[in-house]
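As structure tokens, the structure follows; a few thoughts come after it.
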Amino acid sequence: MNESYISRRDKIVASAIELIGDLGLHALTTKNLARKENISETLIYKYFGGIDEVLIEVVAQYAAFDINIQRTVENMNTSYMEKLKYYADTYATYYDNYLGMGAIMLHYEELLHFSETRETISDCILKRNDFVCGLFEKAIENKEIRTVFSPKELTLIYNGLFTEGLIERRTKYSNKSFRLEIKEMLNRFDKMLRL
């Protein structure tokens, strides 16, 4: 894509996401962001009121991605377990290709402590949990899977695969893509629930 079509504001947000992915949330400062973008700190203030506004936009983009994927999954004409697998596959692919967004997930707790991002990230987490839980409820109702666990418990297990998988990928090298690892785990999980 020709970079001239990407606004400076969007470039700053993308760099902020990369910075979080590379160095963590604490590294998101105007100084580090200006260095990464090869611009002056003053120019960042032309587009944002400060680093908090940049972080707000990062979290808003993360939450918007969630909503868009949920809408796509809702409109799929397939089983609920296939919807869950597609949902997982989309996230795993996204996290494989955009390390910074995976890092946002690992910083949920910290983002809940910032008054500027608390509401957005909390809403994102709750909607994601409700969405996944709803898919598991429908899968159980439609007899796609056995009632080994409650939908809430299944949601915690499902979400835990992502969180622990992302932490593991940050701490040790794997020659498999995150997408492939998640797919393999979910296939085993699905098989266990169908026995």
May I ask you to test the E119-S122 pair for a side-chain heavy-atom distance under 4.5 Å? no
What pairs of donor and acceptor atoms, side-chain ones from residues 55-62 against any protein atom, are under 3.5 angstrom apart with sequence neighbours left out?
residue: Y62; atom: OH; partner: Y95; partner atom: OH; Å: 2.8
residue: Y62; atom: OH; partner: Y108; partner atom: OH; Å: 2.9
residue: Y62; atom: OH; partner: R128; partner atom: NH2; Å: 3.0

Closer than 4.0 angstrom, basic N to acidic O: yes or no for D190 and K85? yes
Are L23 and V13 joined in one hydrophobic group, where the rule is that I, L, V, M, F, W and Y side chains link up if heavy atoms are under 4.5 Å apart? yes
T42 versus K46: any side-chain heavy-atom pair under 4.5 Å? no
Looking only at heavy atoms, what is the nearest atom pair of A92 and R179, with distance? CB-CA, 3.4 Å
Flag, side chain of D96 to backbone of S177, donor-acceptor distance under 3.5 Å: no
When you group the ILVMFWY residues by side-chain heavy-atom contacts below 4.5 Å and let the links chain together, are Y94 and M76 in the same group? yes
Describe, in one word, how the ring planes of Y158 and F136 are oriented to each other, choosing from parallel (under 30°), tilted (30 to 60°) and perpendicular (over 60°). perpendicular
Might you point out which heavy atoms bring I44 and A34 nearest each other, and give the distance in Å? CD1-N, 3.5 Å
Counting distance only, does the side-chain N/O of E110 pair as donor-acceptor with the main-chain N or O of H107 below 3.5 Å? no
Any donor-acceptor pair under 3.5 Å from E144 side chain to M81 backbone: yes
Apply side-chain contact (heavy atoms from CB on, under 4.5 Å) to the pair M101 and I104, showing each step before the final yes or no. CA-CA 5 Å; M101 283 306 210; I104 299 295; 4.1 Å; yes
Is R146 reaching over with its side chain to a backbone N or O of R194, donor-acceptor style, under 3.5 angstrom? no
Let me confirm one number: the CG-CG distance from L154 to L193, rounded to the nearest 0.5 Å. 5.5 Å
If you define the side chain from C-beta out and look only at heavy atoms, does anything of N142 sit under 4.5 Å from S79? no
Does any part of the side chain of V73, heavy atoms only, come nearer than 4.5 Å to the side chain of T90, both counted from C-beta? no
E74: what forms a salt bridge (Lys or Arg N to Asp or Glu O under 4.0 Å) with it, not counting sequence neighbours? none
Spacing of E82 atom CD and D89 atom CG [to the nearest 0.5 Å]: 10.5 Å
Working to the nearest 0.5 angstrom, can you tell me the gap between F162 CZ and I157 CD1? 14.0 Å
Using every non-hydrogen atom in the two residues, find where A27 and N32 come nearest and quote the distance to one decimal. O-ND2, 2.8 Å
If you measure from CG on L186 to CG on L161, what distance do you get to the nearest 0.5 Å? 5.5 Å
Under a 4.5 Å cut-off applied to non-hydrogen side-chain atoms, are Y45 and T30 in contact? yes
Does Y86, at its OH atom, have more than 12 non-hydrogen atoms belonging to other residues, nucleotides or ligands within less than 6.0 Å? no
Test item: R35 and K31 side chains (from C-beta on) under 4.5 Å apart, heavy atoms: yes
I'd like to check the salt bridge (Lys or Arg N to Asp or Glu O under 4.0 Å) partners of R8; sequence neighbours left out, ordered by chain and number. E37
Any side-chain heavy-atom pair of Y80 and I145 under 4.5 Å: no
Where K152 and C133 come nearest, the two heavy atoms and their spacing: N-SG, 3.8 Å
Closest heavy-atom pair, L33 versus A16, reported as atoms and distance to 0.1 Å, is CD1-N, 3.5 Å
In terms of hydrophobic clusters joined by side-chain contacts under 4.5 Å, are I67 and M105 together? no
Any chance you could measure K138, atom NZ, to L135, atom CG, to the nearest 0.5 Å? 10.0 Å
Taking C-beta and beyond as the side chain, do Y47 and E53 meet within less than 4.5 Å on heavy atoms? no
Got more than 12 heavy atoms from elsewhere within 6.0 Å of CG, N38? no
Given F114 and L25, is the side-chain contact (heavy atoms from CB on, under 4.5 Å) satisfied, shown in steps? CA-CA 12 Å; F114 290 133; L25 195 56; 3.8 Å; yes
So which of Y98, F65, F178 actually passes ring pair (Phe, Tyr, Trp, His ring centres under 6.0 Å) with Y91? F65
More than 12 heavy atoms of other groups within 6.0 Å of K36 NZ: yes
How long is the span from the CD atom in E153 to the CG atom in L156, to the nearest 0.5 Å? 7.5 Å
Could you see if L99 belongs to whatever hydrophobic cluster contains I20? Use Ile, Leu, Val, Met, Phe, Trp, Tyr and a side-chain cutoff under 4.5 Å. no
Taking all heavy atoms of A103 and all of G21, pick out the closest pair and write down the distance. CB-CA, 3.7 Å
Is it the case that one hydrophobic cluster holds both L166 and L180, taking links as side-chain heavy atoms less than 4.5 Å apart, direct or via other members? no
